[in-house]
Number of protein chains: 2
Amino acid sequence: MAYAEQYIDKLRKSGLRPTKQRIKICEVLFDTDKTFHFTIKELVKIIENQANIKVSLATVYNTVHAFIKKGYLKEIPLNASQSYYDTNVTHHHHFFDEEENRLIDIHQDDVDEVNIKKTIPGKKIKSVEVIAKIVSDNQSQK
Amino acid sequence: MAYAEQYIDKLRKSGLRPTKQRIKICEVLFDTDKTFHFTIKELVKIIENQANIKVSLATVYNTVHAFIKKGYLKEIPLNASQSYYDTNVTHHHHFFDEEENRLIDIHQDDVDEVNIKKTIPGKKIKSVEVIAKIVSDNQSQK
DNA sequence: TCAACAGTTTAGAATAAATATAATGTATTA
DNA sequence: TAATACATTATATTTATTCTAAACTGTTGA
Ligand SMILES: [Mn+2]
Ligand SMILES: [Mn+2]
Ligand SMILES: [Zn+2]
Ligand SMILES: [Zn+2]
């Protein structure tokens, strides 16, 4: 785990003390190049399974929120009952697979610039997000 | 209130018994041509203020969900802590004013068809929604 | 090196949205 | 109008999330 030092750095540079709980959470979240979408419940389960250390629910929430504040994570409220979080903090869009309850990234370049003709006086657009819901394509076309 | 009969009809046609609670909720929700975006809390407050009848929270939730099922309302999970609901059940998009916590409709025609280049094998797109976050435009450009 | 301080973790309590329960009430139908 | 199915209600429950306050740990400067 030469990764640990990398995370210690990342945390230090953000003014967060590198505690073993935060390093563990970093490992789970960032030890891969792939985007990771998760709910708090899922994250806790993963930590419980692979860690020798225990991390309290409060710490998981606090750390996730600290990372959001620092720009390491993004919150995606897709669901009324539970938030999703995203390690991909670049501007991008999503498929949401309604059958598997799973988010899939759509790179910004894979969506033509969204052109909105309507404007609101005194307001400017800060961000535009596209969510495309997907389901099984059961066309049996031989 | 010649409206009441209209709502009684609407409810009957959907297999919902026209009770005075449901009619009242219909009045609050549908007594205008304008789209109405609301949270449960806001809806309850409005009913309390303008109605002579009392409607329990359970009935508000039950009725809102019944209307969602019937296609009279749409749920919009924008916020992790509370859902928004929408009387506009046509396919459309939204501005979300982050300062006033307010949804504003964008008609489908006001957004060019969103072209997504990425596809997921075995899956087809069911719906596409655009959410544009807006904030005050404090450019003082004389 | 280590004491002092600031920041962190934790168990558990609190909050609040949403849902479930089950008793009571009401609309419908014959 | 009686029987029935459905609806409303107060209340309890569930569950995600946040708060609290005490114990703990990382950092820093003497
Ligand atoms: Mn949050
Ligand atoms: Mn719901
Ligand atoms: Zn993503
Ligand atoms: Zn709308």
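To find a chain, count down the sequence lines: A is the first, B the second, and so on, and within it residues start at 1.
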Rounded off to whole Å, could you give me the [atom1]-to-[atom2] distance for the [X] and [N] pair?
X: Tyr84(A); N: dA16(D); atom1: OH; atom2: P; answer: 12 Å
X: Lys41(B); N: dA18(C); atom1: NZ; atom2: P; answer: 10 Å
X: Glu42(A); N: dT17(D); atom1: CD; atom2: P; answer: 12 Å
X: Lys24(A); N: dT9(C); atom1: NZ; atom2: P; answer: 15 Å
X: Lys13(A); N: dT27(D); atom1: NZ; atom2: P; answer: 15 Å
X: Leu11(B); N: dT28(C); atom1: CG; atom2: C1'; answer: 15 Å
X: Arg22(B); N: dT8(D); atom1: CZ; atom2: C1'; answer: 9 Å
X: Asn79(A); N: dT15(D); atom1: CG; atom2: P; answer: 14 Å

On DNA chain D, compare the nucleotides closest to Arg17(B) and Lys54(B); which residue's is nearer the 5' end?
Arg17(B)
Report the nucleotide, chosen from [options], that has the shortest atom-to-atom distance to any side-chain atom of [X].
X: Gln21(B); options: dT9(D), dT9(C), dT25(D); value: dT9(D)
X: Thr19(A); options: dT8(D), dT8(C), dT9(D); value: dT8(C)
X: Leu57(A); options: dA11(C), dT26(C), dT17(D); value: dT17(D)
X: Ser83(B); options: dA7(D), dA18(C), dT9(D); value: dA18(C)

Does [X] place a side-chain N or O at less than 4.0 Å from the phosphate oxygens OP1/OP2 of [N]?
X: Arg12(B); N: dT28(C); answer: yes
X: Tyr61(A); N: dT18(D); answer: no
X: His65(B); N: dT19(C); answer: yes

How is Thr59(B) classified with respect to the nucleic acid when contacts are heavy atoms under 4.0 Å: base, sugar-phosphate, or nothing?
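Base contact - Thr59(B) has a heavy atom under 4.0 Å of at least one base atom.
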How is Ser56(A) classified with respect to the nucleic acid when contacts are heavy atoms under 4.0 Å: base, sugar-phosphate, or nothing?
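Base contact.
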Given salt bridge (charged side-chain N to carboxylate O under 4.0 Å, His left out), test Lys123(B) with Glu99(A) step by step and report yes or no.
CA-CA 10 Å; Lys123(B) 301 281 177 175; Glu99(A) 291 152 341; 2.9 Å; yes
Between Ser81(B) and Lys20(B), which has a closest nucleotide on DNA chain C that is more 5'?
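Nearest nucleotide further toward 5': that of Ser81(B).
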Quick test of your reading of the model: are Glu27(A) and Lys24(A) salt-bridged, counting only N-O distances below 4.0 Å?
yes
Using ring pair (Phe, Tyr, Trp, His ring centres under 6.0 Å) as the criterion, point out the one residue from Phe38(B), Tyr72(B), Phe36(B) that pairs with Tyr85(B).
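Result for ring pair (Phe, Tyr, Trp, His ring centres under 6.0 Å) with Tyr85(B): Phe38(B).
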Give me the ring orientation class for His37(A) and His94(A): parallel if the planes are under 30° apart, tilted from 30 to 60°, perpendicular past 60°.
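His37(A) vs His94(A) ring planes: perpendicular.
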For the residue pair Lys126(A) and Glu98(B), what are the closest heavy atoms and their distance?
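Closest heavy-atom pair between Lys126(A) and Glu98(B): NZ-OE1, 2.7 Å.
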